[in-house]
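Report on one structure; see the data block that follows.
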Amino acid sequence: MSLPQTVKLQEKFGLFTDQWSPKVVGELNGQQVKIARIAGEFEWHAHEQEDELFMVIRGVLRLKFRDGEAVVKEGELIVVPRGVEHLPIAETEETWIMMFEPAGTLNTGNAVSERTVTQLEYV
């Protein structure tokens, strides 16, 4: 058995520049730890079966909900409960986020579109 390895997030974010395309940096107990660079506005969607945790590594994330919104700053996190429709927006030029969600969770949830990533890349 090999020893666990430290994940250096700054290095991992440096391995790609594409936006709104999550990359897997770890797995545990059926969950994936994903990172993404985001800019601008994504699209309205919900995850019917999965809660979704967002943690901001750099920048500011605004999450719109049908009945309000939340602003998540660097070093903060938020859990969006399953079934809650949300619209992620990067409030800064580029925001870096980390997400925890069950393996197999689509980034666009119930709103499959050209932005849906079905084959996740590991970095």
Side-chain angles (χ1 to χ4, degrees):
M1 182 173 165
S2 61
L3 292 174
Q5 299 294 307
T6 301
V7 175
K8 296 176 175 67
L9 291 176
Q10 296 292 329
E11 287 179 15
K12 296 294 186 182
F13 276 104
L15 296 175
F16 64 97
T17 58
D18 51 326
Q19 296 174 336
W20 298 108
S21 182
K23 312 295 184 205
V24 178
V25 296
E27 296 188 64
L28 68 155
N29 303 316
Q31 299 279 317
Q32 290 181 319
V33 180
K34 303 173 186 176
I35 59 173
R37 292 171 172 258
I38 63 172
E41 187 173 291
F42 196 48
E43 57 189 66
W44 282 101
H45 68 283
H47 302 274
E48 298 304 328
Q49 303 301 317
E50 307 95 359
D51 300 327
E52 189 174 29
L53 182 148
F54 292 94
M55 180 172 185
V56 175
I57 305 301
R58 175 184 292 174
V60 178
L61 172 68
R62 182 163 47 111
L63 285 170
K64 283 188 176 182
F65 305 103
R66 293 298 183 186
D67 58 353
E69 65 180 51
V71 175
V72 189
K73 300 175 184 171
E74 285 184 26
E76 297 179 342
L77 63 85
I78 188 169
V79 176
V80 178
R82 68 192 67 184
V84 174
E85 199 171 17
H86 55 287
L87 172 68
I89 302 168
E91 284 287 288
T92 51
E93 184 174 318
E94 183 174 76
T95 297
W96 293 4
I97 58 173
M98 183 166 51
M99 297 156 288
F100 288 76
E101 51 198 13
T105 301
L106 291 178
N107 62 322
T108 55
N110 62 357
V112 178
S113 71
E114 68 281 349
R115 287 181 140 176
T116 302
V117 177
T118 57
Q119 296 295 321
L120 291 172
E121 182 181 341
Y122 288 70
V123 293

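- The shortest non-hydrogen separation linking Val80 to Phe54 is CG2-CE1, 3.9 Å.
- In this structure, Leu87 CG and Trp44 CH2 are separated by 5.0 Å, a value rounded to the nearest 0.5 Å.
- Linking Ile, Leu, Val, Met, Phe, Trp and Tyr whenever their side-chain heavy atoms come within less than 4.5 Å puts Leu9 and Leu15 in one cluster.
- Summarising the geometry of Val117 relative to Pro22, their closest heavy-atom pair is CG2-CD, 4.0 Å, with the distance given to 0.1 Å.
- Met99 is connected to Trp20 through a chain of hydrophobic side-chain contacts under 4.5 Å among Ile, Leu, Val, Met, Phe, Trp and Tyr, so both are in one cluster.
- Note that CD of Gln10 and CH2 of Trp96 are 5.0 Å apart. Values are rounded to the nearest 0.5 Å.
- Val79 and Ile97 end up in different hydrophobic clusters when Ile, Leu, Val, Met, Phe, Trp and Tyr side chains are linked at under 4.5 Å.
- For Pro102 against Asp51, the heavy-atom pair with the smallest separation is CD-O, 4.0 Å.
- The CZ atom of Arg58 sits 13.0 Å away from the CD1 atom of Ile38 when rounded to the nearest 0.5 Å.
- Under a cut-off of 6.0 angstrom, the local environment of CD in Glu48 is crowded, with over 12 non-hydrogen atoms contributed by other residues, nucleotides or ligands.
- The structure places OG1 of Thr92 at 8.0 Å from CD of Glu74, a figure rounded to the nearest 0.5 Å.
- The two atoms that bring Ala90 and Ala39 nearest to each other are CB-CA, 3.7 Å, heavy atoms only.
- Leu120 and Phe100 fall into different hydrophobic clusters, where Ile, Leu, Val, Met, Phe, Trp and Tyr side chains are chained together by heavy-atom contacts under 4.5 Å.
- Between the side chain of Arg37 and the main chain of Glu94, no donor-acceptor pair closer than 3.5 Å is present.
- With Met55 as reference, Leu77 is the one residue of Leu61, Leu77, Ile78 to meet the side chain to side chain contact (heavy atoms under 4.5 Å, CB included) rule.
- The main-chain N or O of Gln119 is never found under 3.5 Å from a side-chain atom of Glu121 such that the two would form a donor-acceptor pair.
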Is there a side chain to side chain contact (heavy atoms under 4.5 Å, CB included) between Glu69 and Lys64? Walk through the geometry before answering.
CA-CA 4 Å; Glu69 65 180 51; Lys64 283 188 176 182; 4.0 Å; yes
Pair up each side-chain donor or acceptor in residues 27-36 with any protein partner under 3.5 Å, not counting sequence neighbours, and list the distances.
from  : atom 1 : to     : atom 2 : distance (Å)
Glu27 : OE2    : Tyr122 : OH     : 2.9
Gln32 : NE2    : Tyr122 : OH     : 3.3
Lys34 : NZ     : Glu101 : OE2    : 2.7
Lys34 : NZ     : Thr105 : O      : 3.2

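- From Lys12, atom NZ reaches atom CE of Met98 across 13.0 Å, with rounding to the nearest 0.5 Å.
- Cluster annotation: Val60 and Phe42 are assigned to distinct hydrophobic clusters (Ile/Leu/Val/Met/Phe/Trp/Tyr, side-chain heavy-atom contacts under 4.5 Å, transitive).
- Ring orientation note: the planes of Phe65 and His86 are tilted relative to one another, at an angle of 30° to 60°.
- Taken from CZ in Arg62 to NZ in Lys73, the straight-line distance is 13.0 Å, to the nearest 0.5 Å.
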